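Notes follow the structure.
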Amino acid sequence: MFVLTENNSLANRFLAELRDKETQQNAMRFRNNLERLGEIFAYEISKTLSFQKQDVETQLGIKGTYQISQDVVLVTILRAGLPLHQGLLNFFDTAENAFIGAYRGKHDDKEAFEIEMDYITSPDIHGKVLVISDPMLATGKSIEKAYHAMLRYGVPAKTHIVSAIASRRGVRFIQARLPQCRLWVGDVDEEMNSKSYIVPGLGDAGDLAFGGKV
């Protein structure tokens, strides 16, 4: 697992602003900070990909370089995942894209819930590098369901899961249930409340990015 805050960088400021309840009043800044994190994650993930040598012709000669030789498919869970997805897409700008509509169903008396999924669109992912992004990794249930839903479109060569903030429980869940996937998170919080929201977390990422819902 890769955790951005294990090494101090500008990512600390972006994460701090995402959490700060005063800065959160600016929805555009909230979206921009998620997008910035997506770009950082894309850069870090790119280091794990395969490259092949390629010559580039300049106005004065030929220069050898290396370019990514694997196809990348970016997947996000609507709607909260869109800004993080955009940051990944800014760097993986030739990637194909997939989108999943998933949300928490009604809580029962014990505050348990199931993940509902009502929309998915995807290209063929067989043999490609899959990058699934969702800003909050709480229980891990939605990511697990999204991953298995994507398998109807092929078997990826490798899968990366990206979240801005994860709970310790969610990390353990993904590592146990999806050991073939690599986790990339901005920071890890130790607790969740009775409704499975990460504490201290940042709140509802979808509402903060795009406004409240009825």
Side-chain angles (χ1 to χ4, degrees), residues 1-49 68 71-103 119-123 128-138 142-143 146-147 150 159-167 170 174 181-189 197-198 200-213:
M1 180 174 72
F2 178 92
V3 183
L4 274 177
T5 52
E6 287 184 348
N7 294 290
N8 288 331
S9 71
L10 272 174
N12 289 16
R13 182 173 67 113
F14 304 150
L15 281 160
E17 290 187 358
L18 284 170
R19 293 182 187 273
D20 188 277
K21 65 180 184 179
E22 299 300 326
T23 311
Q24 286 178 351
Q25 302 305 308
N26 186 332
M28 179 181 289
R29 189 161 187 84
F30 186 86
R31 293 192 302 271
N32 286 347
N33 281 325
L34 279 177
E35 189 171 330
R36 287 165 161 175
L37 287 181
E39 292 174 344
I40 294 171
F41 282 124
Y43 173 75
E44 295 294 342
I45 290 171
S46 73
K47 298 176 185 178
T48 72
L49 303 181
I68 293 173
D71 293 323
V72 176
V73 178
L74 303 178
V75 188
T76 199
I77 298 175
L78 302 172
R79 64 181 170 152
L82 288 172
L84 190 60
H85 177 91
Q86 184 60 54
L88 290 160
L89 185 58
N90 288 347
F91 277 23
F92 289 122
D93 55 3
T94 61
E96 296 175 285
N97 296 265
F99 300 92
I100 295 175
Y103 56 94
Y119 175 82
I120 183 169
T121 181
S122 175
K128 300 174 183 178
V129 176
L130 200 62
V131 182
I132 304 175
S133 61
D134 194 3
M136 307 298 287
L137 176 62
S142 58
I143 289 291
Y147 172 78
M150 289 300 299
T159 300
H160 302 276
I161 295 170
V162 176
S163 289
I165 298 174
S167 74
I174 293 299
C181 302
R182 183 169 182 186
L183 267 174
W184 303 77
V185 301
D187 204 0
V188 181
D189 290 352
Y197 284 101
I198 301 172
L202 54 77
D204 189 307
D207 288 355
L208 291 167
F210 298 110
K213 54 188 178 293

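Quick caveat, the model's predicted, so the values are computed rather than measured.
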Requested in this report: Report, as yes or no, whether the 6.0 Å neighbourhood of atom NZ on Lys47 holds more than 12 heavy atoms from other residues, nucleotides or ligands.
Outcome: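 For Lys47, atom NZ is crowded (more than 12 foreign heavy atoms under 6.0 Å).
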Report task. Take atom CG of Asp93 as the centre, draw a 6.0 Å sphere, and report whether it contains more than 12 heavy atoms from other residues, nucleotides or ligands. Result ->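 Yes, because the 6.0 Å sphere around CG of Asp93 holds more than 12 heavy atoms from other groups.
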Would you check if [X] and [Y] make a side-chain contact, meaning some heavy-atom pair closer than 4.5 Å?
X	Y	value
Thr76	Gln86	no
Asp207	Arg79	yes
Thr48	Arg182	yes
Phe14	Leu4	no
Asp189	Arg19	yes
Ile198	Leu137	no
Cys181	Tyr147	yes

For the atom pair [atom1] ([X]) and [atom2] ([Y]), what is the distance rounded to the nearest 0.5 Å?
X	Y	atom1	atom2	result
Asn97	Thr121	CG	OG1	10.0 Å
Ser133	Leu88	OG	CG	5.5 Å
Leu34	Glu17	CG	CD	11.5 Å
Asn32	Asn26	CG	CG	8.0 Å
Arg13	Asp20	CZ	CG	12.5 Å
Leu84	Leu74	CG	CG	10.0 Å

Looking at every non-hydrogen atom in both residues, tell me the closest pair between [X] and [Y] and how far apart they are.
X	Y	value
Phe210	Arg31	CE2-CD, 3.8 Å
Pro123	Val73	CG-CG1, 4.0 Å
Lys21	Gln25	O-NE2, 3.0 Å
Ser46	Ile68	CB-CD1, 4.4 Å
Ala209	Pro83	CB-CG, 4.3 Å
Ser167	Val188	C-CG1, 4.1 Å

**Report entry** Residues Ile100, Met150; criterion side-chain contact (heavy atoms from CB on, under 4.5 Å); working and verdict
**Finding:** CA-CA 9 Å; Ile100 295 175; Met150 289 300 299; 4.0 Å; yes
Using only atom types and a distance under 3.5 Å, with no angle test, would you say the side chain of [X] pairs donor to acceptor with the backbone of [Y]?
X	Y	answer
Gln24	Leu202	yes
Ser163	Asp134	yes
Ser122	Ala98	no

Report task. Begin from the C-alpha positions of Leu18 and Leu37 and carry the test side-chain contact (heavy atoms from CB on, under 4.5 Å) through to its verdict. Result -> CA-CA 10 Å; Leu18 284 170; Leu37 287 181; 3.5 Å; yes
Query - Worked verdict on Phe99 versus His85 for side-chain contact (heavy atoms from CB on, under 4.5 Å) - result: CA-CA 10 Å; Phe99 300 92; His85 177 91; 3.9 Å; yes
Query raised in the report: Relative to the ring of Phe2, is the ring of Phe41 parallel (under 30°), tilted (30 to 60°) or perpendicular (over 60°)?
Result: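 Perpendicular: the ring planes of Phe41 and Phe2 meet at over 60°.
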Query raised in the report: Which residues pass the salt bridge (charged side-chain N to carboxylate O under 4.0 Å, His left out) test with Arg36, sequence neighbours left out?
Result: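 Expected list: none.
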